[in-house]
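Since this is a predicted model, take the numbers as computed values, not measurements. Whatever order the structure lists ligands and atoms in, that order sets their numbers, starting from 1.
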Amino acid sequence: MNQQTLILIKPDGLKKSLTGNILTRLSETKLEIIAAKMVKVSKELAEEHYKHLRDKPFFEELIKYITGELHDRKKVLAMVYWGEDAITKVREIAGATNPEEANPVSIRGQYGRITTKGIYENVIHASTNEEDAEREIKLWFSPEDIIMDLYPVKVIILEKVQKKIWV
Ligand code: IDP
Ligand code: MG
């Protein structure tokens, strides 16, 4: 079954100059990239993305991690991959959450580390299931950022919208 999944190259992945390596590993899945953009991650976006972990002792540090405060890289590369069994294929190649427990040839096993503060810096995010994928893709992307209509859309007319355009 065709599925879509959200992938983030996290600030440590960018800082370690791993973008190319990670994309090469992901290309082994033969899935299609249907959206990609650099995102400056606000605290609000980070907290919404990780809201299921709000009560964890590492939550505050996790927000600092994903917003880029720990890596002077206040951005992530956000992408949507699409194709047959996309969620499982990407999770498999990404590896387990804890980089020390991850398969050594997975992306997290190869490139992740545990910080002295105990955060799993595991270079990549990948959606866990279809429900999470839908929530996360809708959070990180607007319909017009994606080259397919993945979910139902509606058209609205906006008035007096402030927008930057090229001069
Ligand atoms: P996932 O990224 O494999 O889906 P989640 O449980 O959703 O794992 O956790 C989100 C992120 O929070 C992880 O990728 C990792 O960076 C961090 N994290 C999760 N659990 C722990 C933990 O027990 N200690 C430290 N960091 C953690
Ligand atoms: Mg998760």
Given that the side chain starts at C-beta and the backbone is N, CA, C, O, which of these parts of [X] lies under 4.0 Å from ligand 1, counting heavy atoms, or is it both or neither?
X	answer
L62	side chain
H49	neither
H52	side chain
N98	neither
Y120	both

Looking only at non-hydrogen atoms, which of [options] approaches [atom] most closely?
atom	options	answer
atom 25 (C) of ligand 1	G118, P99, S127	G118
atom 6 (O) of ligand 1	L53, N122, D12	L53
atom 3 (O) of ligand 1	T115, L8, T97, I63	T97

Can you name the atoms of ligand 1, numbered from 1 with element, that are less than 4.0 Å from a heavy atom of [X]?
X	answer
K10	13 (C), 14 (O), 16 (O)
Y65	16 (O)
R91	1 (P), 3 (O), 4 (O)

(message) Any side-chain to backbone donor/acceptor pair from R25 onto I93? Under 3.5 Å, distance only.
(response)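 Side chain of R25 to backbone of I93: no pair is present.
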
(request) Establish, from distance only, whether the side-chain atoms of Y65 and D12 form a donor-acceptor pair under 3.5 Å. (result)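 Side-chain D/A pair, Y65 to D12: present.
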
(message) Check whether Y111 forms a cation-pi arrangement with K16 (NZ or CZ under 6.0 Å from the six-membered ring centre, at most 45° off the ring normal).
(response)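 No.
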
(request) May I ask you to check if K138 and Y151 form a cation-pi contact, with NZ or CZ under 6.0 angstrom from the six-membered ring centre and within 45° of the axis? (result)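 Yes, cation above the ring, under 6.0 Å and within 45°.
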
(message) Hydrophobic clusters here meaning ILVMFWY residues chained together by side-chain heavy-atom distances under 4.5 Å, can you tell me if L8 and I34 are in one?
(response)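 Yes; I34 is reachable from L8 via cluster members.
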
(request) Applying side chain to side chain donor-acceptor pair (under 3.5 Å), run through T115 and E121 and close with a yes or a no. (result) CA-CA 7 Å; T115 67; E121 281 188 2; 5.3 Å; no

